[in-house]
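For reference, the structure is listed below as structure tokens.
Throughout, protein chains are lettered first and strands after them, A, B, ... in sequence-line order, and every chain is numbered starting at 1.
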Amino acid sequence: MSARRILVTSALPYANGPIHIGHLVEYLQTDIWVRFQKLRGHECRYFCADDTHGTAIMIRAREESRREEDLIAEMQAGHEKDFAEFDIVFDNYGSTHSEENRALCGEIWQSIREAGLVKEADVEQLYDVEASTFLADRFVRGTCPKCKATDQPGDNCSVCGHHYSPAELVYPKSALSGTTPEVRSAGHLFIELEQLHEFLETWTQSGDHLQPEIANYLKGHFLGEPLRDWDISRPAPYFGFEIPDSPGNYWYVWFDAPIGYVASTRQWCDRTGENFDDWWKSSDTEIHHFIGKDITYFHTLFWPGMLKTAGYSLPTKVHIHGFLTVGGEKMSKSKGTFVNARTYLNHLDPNYLRYFYASKLSAKVDDIDLSLEEFVAKVNTDLVGKFVNLASRSAKFVGSTGLSAKYPEDDGLFAHAAQVGDEIANAYEACDTSRAMRLIMALADRANPYIEENKPWALRKEPAEAQRLQDVCTVALNLFRQLAIYLAPVLPQLAAQTGELLQEPITSWDQAKTPLTGTPVAKFQHMLRRVEEKDLHAMIEESKAELPADGDESATGASTSTSDNDGDDALAAEPLAEECTFDDFTKVDLRVARVVEAEHVPEAHKLLKLKLSLGGGVTKQVFAGIKAAYEPEQLVGRLVVCVANLAPREMRFGVSEGMVIASGPGGEEVFLLSPDDGAVPGQRVH
RNA sequence: GGUCCGGUAGCUCAGUUGGUUAGAGCAGGGGACUCAUAAUCCCUUGGUCGGGGGUUCGAGUCCCUCCCGGACUACCA
């Protein structure tokens, strides 16, 4: 097997929010694949970067009254920290807002110009006069021209599903300023992709560049008709790179984002002295992109077209994965299943998620589901019960003697596992890690009965059987080590721990072919704690408590957008009450209050006991039926709204002197109301 | 609406170019063991492979049709 040179990328995370467990599907899938290739002895490099340009960043920086550069630097630091703690290791992690990227954009742009692919045309767009910016579709809301539903997004109606352009909205409003935008015309630059139609047809439909379902999708969706021009410029103001030969216009973020792959490589080459052309302009180098299905067309049509035109290597393969669902549903902030990487790390070991995703991922584009029960079962049964247990039940018997000098008879177990290694490698190579994990666990299922049959715990009581004891444990630990090698791409920490236990670092896949003999064995230490369901629930609770800062959690990577959930269920379940007068309303004295104490009531099934402060030393004791939805710890310190003049009521556990205001049907579906920033305890709600 | 992908034991999934009584893990039931992180081992209960029709000596596997679920629908990031 000769060493391959392999360049790998993951989609660039957008610098507008933190990494969450949906993104991690992609970064972990890629990291596992890269680690596998490196373990196999190939020259494999993993490049990524933050995606930093676009209107969303500009708007957010403006809202936060700071420079875009400061915003994206902070985001990038957070991303890199999260990746590092999940053991996702890049050979270079750059930024699209770098000089390397600016230079490469200019160079590639020049090629596209020279190839005659650029044309200019006017585009009519809504313009927010007050914010002095053009508005992307999602920054406009208004009344649907078809069904007249109010407050609908700028591109399609969430009620009737009708598609339209923002300008067609009745009463359009800018989401930025709330003002009514006006239609303005501006010159945009377009790439005439149709000129590359034949090339793209051939490239997408031949070879193994794409998964079959993706090639088929492109053929049916895009390639069956003329490809539309791609609008790749945006007029000022825009956070991005100004187009050198078109002052006042900026490259659209999707033009410079994929070039970020190349720019990150360039940075690495400059740092290490590698030859750039060997990586991006050599037919000997494989290029693999890992992306989510939402950005398929950018990577399978635009991007190959750009590379081809600019004289760069084309992707060897674009690996496309599906989204993450949790408990069979889209990730949801209100349900606490929209879990940030940081929140996960506060409660759980990254190894769990690495293994869990590995056991679910295949080469298909299907979504994968994280069920909490399955997560616990897989981690505890597979990783701890089957795998780590092999070492844990045998290592200490040979702590003093080390491994036998000669590998003992083992009924062919080692040889079999060595042989299956090829099949496991094929599965990894094909990104079918779920198959790889199944094969590995099947090997663990052969190893545990071996120990069962040979009873080392009985042998150790017979001095005459000392050699047998050592032999049995030598077999067990070698079988364990084989599995650790096969799992090393997924569980690098476990591989390192195994290396320490057996005094021989795991550095190569081929180490699984030869048993270790005659070497010392270190004192066994716990390798991985079992996961407990309560840790998962604590994580979910913390996610719930993290209030959504804004409605935007999309990103260039494995984004999973949450859609507005404005159905009629809630209203149907609880119809509007009879009309009341203003005087009726003012009888109820609603006040902002701070939760200063919160505790469980031991015998109560639904209640939490709260102490609310109305400021100035005035407090009220309230029993609230929110136990299923909130943990006491997450309530202390937060502001709520309470009914302050409700008649006190004697309850079984004490007197309740008010109510906290919440919505929802009850049980776990209870949502406390919070005032916006600035409110202070004691203020009346009018 | 259109296009695509799925529907195999309670759950998550394997089922190679159609070929013997449809498999695994988990969960459930019974037993064993005690070295191990209430781990492990043995035995075991579950399926007319979404419905119907067809091709074939033979179909979970091919064709048609219907039902159900999901995804996507570029000039949004």
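Under the 30°/60° scheme for interplanar angles, the aromatic rings of A:F241 and A:H97 are found to lie parallel. By the 30° and 60° cut-offs, the orientation of the rings of A:F375 relative to A:F356 is tilted.
A salt bridge between A:E329 and A:K335 is present, with a side-chain N of the basic residue lying under 4.0 Å from a carboxylate O of the acidic one. Using a 4.0 Å cut-off between charged side-chain N and carboxylate O, A:D367 and A:K293 make a salt bridge.
When distances are taken from the side chain of A:N389 to each of B:C41, B:A36, B:C76, the shortest belongs to B:A36. Nearest nucleotide to the side chain of A:H526, out of B:C26, B:U37, B:U40: B:U37. The listed nucleotides are B:A14, B:U73, B:U40; the one nearest the side chain of A:Y297 is B:U73. Distances from the side chain of A:V384 to the nucleotides B:A74, B:A36, B:U37 place B:U37 closest.
Applying the ring pair (Phe, Tyr, Trp, His ring centres under 6.0 Å) rule to A:F302 yields the partners A:W230, A:F298; only residues at least two apart in sequence or on another chain are considered.
Of the residues in residues 226-238 of chain A, those with a non-hydrogen atom less than 4.0 angstrom from any atom of RNA chain B are A:R228, A:D231, A:R234.
Counting only residues at least two apart or on different chains, the side chain to side chain donor-acceptor pair (under 3.5 Å) pairs with a member in residues 348-361 of chain A are A:D31-A:R354, A:D349-A:N351, A:N351-A:Q493, A:Y355-A:D382, A:K360-A:E374.
The number of heavy-atom neighbours closer than 6.0 Å to CD of A:Q525, taken from other residues, nucleotides and ligands shown, is 12 or below. Within a 6.0 Å sphere centred on CZ of A:R446, heavy atoms belonging to other residues, nucleotides or ligands number 12 at most. The environment of CD in A:E225 is crowded: more than 12 heavy-atom neighbours from other residues, nucleotides or ligands sit within 6.0 Å.
Only the C1' atoms considered, B:U8 is 15 Å distant from B:G25, to the nearest whole Å. A gap of 43 Å separates the P atoms of B:A27 and B:U65, to the nearest Å. Between B:U55 and B:G60, the distance separating the two P atoms is 16 Å to the nearest Å. Taking atom C1' in both B:C4 and B:A74, the straight-line distance is 16 Å, to the nearest Å. Atom C1' of B:U17 sits at a distance of 29 Å from the matching atom of B:A71, rounded to the whole Å. Taking atom C1' in both B:U21 and B:C49, one finds a spacing of 15 Å when rounded to whole Å. Rounded to the nearest Å, the gap between the P atom of B:U37 and that of B:G46 is 36 Å. B:U44 sits 15 Å from B:C26 when the C1' atoms are compared, rounded to a whole Å.
Scanning both residues, A:V253 and A:H53, for their nearest heavy atoms gives CG2-O, 3.3 Å. Here the closest non-hydrogen pair linking A:R435 and A:E423 is NH2-OE2, 2.7 Å.
One interatomic measurement links the two molecules: CG of A:L210 to C1' of B:C4, which rounds to 15 Å at whole-angstrom precision. B:C75 atom P lies 10 Å from atom CZ of A:F222, rounded to whole Å. Here the C1' atom of nucleotide B:A36 and the CD atom of A:Q525 are 16 Å apart, to the nearest Å. Put simply, CE on A:M437 is 15 Å from P on B:A14, counting in whole angstrom units. Residue A:D51 contributes atom CG, which lies 16 Å from atom P of B:C76 at whole-angstrom precision. The separation between A:L126 atom CG and B:C76 atom P is 11 Å, rounded to whole Å. Separating the NZ atom of A:K219 from the P atom of B:U73 is a distance of 21 Å, rounded to the nearest angstrom. For A:F387 and B:U37, the CZ to P distance is 16 Å, given to the nearest whole Å.
Contact annotation: A:N216 side-chain N/O to B:C5 OP1/OP2 distance is under 4.0 Å. Taking only side-chain nitrogens and oxygens, A:R530 comes nearer than 4.0 Å to OP1 or OP2 of B:A39.
Using a 4.0 Å heavy-atom criterion, one finds that A:G54 contacts no nucleic acid atom at all. Within 4.0 Å (heavy atoms only), A:L528 reaches at least one base atom of the nucleic acid. Residue contacts for A:V388: at a heavy-atom cut-off of 4.0 Å it reaches a base atom on one of the strands shown.
Mapping A:S362 and A:M527 onto RNA chain B by nearest heavy atom places A:S362 at the nucleotide closer to the 5' end. Place A:R529 and A:D382 on RNA chain B by their nearest nucleotides, and A:D382 ends up nearer the 5' end.
When atom types are taken as modelled, the side chain of A:T498 and the backbone of A:A484 share no donor-acceptor pair closer than 3.5 angstrom.
Base orientation at B:G46 is syn, since its O4'-C1' glycosidic dihedral falls within 90° of 0.
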What dot-bracket string describes RNA chain B from 5' to 3', counting Watson-Crick and G-U wobble pairs whose defining distances are under 3.5 Å, with [ ] for crossing pairs and | for pairs to another strand? (((((((..((((.....[...)))).(((((.......))))).....(((((..]....))))))))))))....
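For A:H20 and A:F338, the distance between ring centers is under 6.0 angstrom. Here the two rings, on A:Y27 and A:F290, have centers that are 6.0 Å apart or farther.
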Dump the pairs, protein N or O against N or O of nucleotides 69-71 of chain B, anything under 3.5 Å, distances to one decimal.
{"unit_1": "B:A71", "atom_1": "O2'", "unit_2": "A:K293", "atom_2": "NZ", "d": "3.3"}

Using a cut-off of under 3.5 Å, enumerate the N/O to N/O pairs linking the protein to nucleotides 29-35 of chain B.
{"unit_1": "B:C35", "atom_1": "OP1", "unit_2": "A:R460", "atom_2": "NH2", "d": "3.4"}
{"unit_1": "B:C35", "atom_1": "O3'", "unit_2": "A:K396", "atom_2": "NZ", "d": "3.4"}
{"unit_1": "B:C35", "atom_1": "O2", "unit_2": "A:R393", "atom_2": "O", "d": "3.3"}
{"unit_1": "B:C35", "atom_1": "O2", "unit_2": "A:R393", "atom_2": "NE", "d": "3.2"}
{"unit_1": "B:C35", "atom_1": "N3", "unit_2": "A:R393", "atom_2": "NE", "d": "3.4"}
{"unit_1": "B:C35", "atom_1": "N3", "unit_2": "A:R393", "atom_2": "NH2", "d": "2.7"}
{"unit_1": "B:C35", "atom_1": "N4", "unit_2": "A:R393", "atom_2": "NH2", "d": "3.1"}

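When side chains are defined from C-beta on, A:F323 does not count as touching A:I368, because their heavy atoms never get closer than 4.5 Å.
Annotation: cation-pi pair A:R234/A:Y250 absent, no NZ/CZ under 6.0 Å from the ring centroid and within 45° of its normal.
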